[in-house]
Amino acid sequence: MARVALVTGGTRGIGAAIAIALKNAGYKVAANYAGNDEAAGKFKDETGIPVYKWSVADYDACAAGIAQVEADLGPVDVLVNNAGITRDAMFHKMTRDQWHDVMGTNLNGVFNMTHPLWTGMRDRKFGRVITISSINGQKGQMGQANYSAAKAGDIGFTKALAQEGARAGITVNVICPGYIATDMVMAVPEKVRESIIAQIPVGRLGEPEDIARCVVFLASDEASFITGATLTANGGQYLT
Ligand code: CAA
């Protein structure tokens, strides 16, 4: 029986590459998205992967959305917490909304998605929880006090939950991508983006597929001894 994978923010950018890679690896995949109906429709038409709309920032919406995915595809074996947003601003200009929006999606969203799935994974004695954090959760980034805090929180969440899941056959891992060629990074002012690329030893932005391959590995049976790990994929920009 094919395993079921659910990817949040799975219709664009890194998430879309993850959803496609998991499908190609034999999983039944569901892709969640929050807002961009046009991109989601295009993704569904091109890939045949079903899409489901809800905000990961809303716990009740997550519980209802997960129930729908499980009714359609079966119990979720692999959760990829990929959905993320930026609301970049220097801290002296940062608003409460910019702080709370980023916390709501990038940190609370990981709780909201993992919590409703956790009991089922424990009961079935198998699960994979893979969260997409960021290089900026590791090193901090000016203009991103909100984002860096949330992404660092994702790493702590992973280390704690891995210890709880280990005896139940659930691995919990986090991937820290560096700067990847997606809309999010392209939204950074060009001058700043060029200075960032100059700091990447491999000399280029990453591709979404660079991260998708990490997810496929961590989801596999071959990765069953790896839990609580932080996998960095950043072209050498920041070495932990
Ligand atoms: N690296 C180096 N310098 C930076 C910088 C960065 N990431 N961000 C800002 N600066 C510098 C600017 O070049 C500028 O320097 P000068 O005064 O010498 O020109 C100074 O800081 C102030 O910046 P701005 O003039 O742009 O100030 P602003 O208030 O108009 O905008 C900002 C501030 C919104 C933070 C904007 O600079 C910005 O968007 N910076 C990029 C922040 C960033 O790196 N975000 C990452 C997004 S991608 C992502 O998050 C994905 C991931 O996980 C890696």
Side-chain angles (χ1 to χ4, degrees), residues 7-19 21 32-36 39 56-57 80-110 113 130-159 173-215 218 229-240:
V7 184
T8 67
T11 61
R12 293 195 295 135
I14 293 173
I18 292 168
N32 149 271
Y33 73 103
N36 191 331
V56 299
V80 185
N81 288 311
N82 166 77
I85 60 171
T86 53
R87 298 286 183 268
D88 292 357
M90 295 301 183
F91 193 61
H92 61 281
K93 296 183 191 168
M94 189 175 286
T95 65
R96 286 167 64 171
D97 281 350
Q98 286 174 319
W99 176 267
H100 286 297
D101 286 353
V102 169
M103 286 295 157
T105 296
N106 297 10
L107 184 57
N108 296 342
V110 171
M113 286 300 300
I130 302 164
T131 297
I132 308 302
S133 175
S134 165
I135 184 176
N136 293 342
Q138 297 172 297
K139 72 174 183 58
Q141 173 58 52
M142 63 190 293
Q144 289 198 307
N146 49 4
Y147 186 90
S148 297
K151 293 295 189 177
D154 292 336
I155 297 171
F157 169 85
T158 295
K159 290 180 177 178
N173 292 291
V174 61
I175 298 171
C176 288
Y179 283 76
I180 308 298
T182 61
D183 293 346
M184 186 183 276
V185 169
M186 291 309 167
V188 171
E190 191 176 355
K191 195 180 105 192
V192 174
R193 199 170 61 243
E194 278 167 11
S195 80
I196 291 168
I197 295 172
Q199 296 160 27
I200 304 175
V202 303
R204 66 169 176 88
L205 294 173
E207 297 297 331
E209 291 74 19
D210 289 321
I211 307 307
R213 283 188 284 273
C214 299
V215 171
L218 289 173
T230 304
L231 178 53
T232 63
N234 63 26
Q237 186 182 349
Y238 183 71
L239 306 177
T240 54

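Because the structure is a prediction, the values reported are computed rather than measured. Note that ligands are numbered from 1 as they come in the structure, with each ligand's atoms numbered from 1 the same way.
Looking at Lys151 against ligand 1, nothing comes within 4.0 Å, counting heavy atoms. With a 4.0 Å heavy-atom cut-off, ligand 1 is reached by no atom of Ala187. Heavy atoms from both the backbone and the side chain of Asp88 come within less than 4.0 Å of ligand 1. Contact annotation: for Ile180 versus ligand 1, there are no heavy atoms closer than 4.0 Å.
Taking each of Arg193, Gln144, His92 in turn, the one with a heavy atom nearest to atom 50 (O) of ligand 1 proves to be Gln144. Between atom 7 (N) of ligand 1 and the options Met184, Lys191, Gln141, the minimum heavy-atom separation is to Gln141. Of the options Met90, Met94, Lys93, the smallest heavy-atom separation from atom 30 (O) of ligand 1 is shown by Lys93.
Within the 4.0 angstrom cut-off, atom 22 (C) of ligand 1 has one or more protein heavy-atom neighbours. Per-atom contact check: atom 48 (S) of ligand 1 touches the protein, criterion being a heavy-atom distance below 4.0 Å. Remark: atom 44 (O) of ligand 1 lies closer than 4.0 Å to at least one protein heavy atom. Per-atom contact check: atom 32 (C) of ligand 1 does not touch the protein, criterion being a heavy-atom distance below 4.0 Å. Inside a 4.0 Å radius of atom 39 (O) of ligand 1 there is at least one protein heavy atom. Proximity of atom 18 (O) of ligand 1 to the protein is not indicated, since no non-hydrogen protein atom lies closer than 4.0 angstrom.
Near Val192, with a cut-off below 4.0 Å to any heavy atom, the atoms of ligand 1 are 1 (N), 5 (C), 6 (C), 7 (N), 8 (N), 13 (O), 41 (C). Ligand 1 places these atoms under 4.0 Å from at least one heavy atom of Val185: 48 (S). Each of the atoms 54 (C) of ligand 1 lies under 4.0 Å from some heavy atom of Asn136. Of all the atoms in ligand 1, the ones that sit under 4.0 Å from a non-hydrogen atom of Ser134 are 52 (C), 53 (O), 54 (C). Annotation for ligand 1: atoms under 4.0 Å from non-hydrogen atoms of Gly143 are 35 (C).
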Candidate pair Asp154 and Asn81, rule side-chain contact (heavy atoms from CB on, under 4.5 Å), full reasoning:
CA-CA 10 Å; Asp154 292 336; Asn81 288 311; over 6 Å; no
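Scanning the protein heavy atoms around atom 3 (N) of ligand 1, the nearest turns out to be Met142 SD, 3.9 Å. Taking atom 2 (C) of ligand 1 as the reference point, the nearest protein heavy-atom neighbour is Ser195 OG, 3.9 Å.
Taking OG1 of Thr11 as the start and CG of Asn32 as the end, the distance is 8.0 Å to the nearest 0.5 Å. Rounding to the nearest 0.5 Å places NZ of Lys139 at 6.0 Å from CD of Gln237.
Of the N or O atoms in Thr86, none lie within a sub-3.5 Å distance of an N or O in ligand 1.
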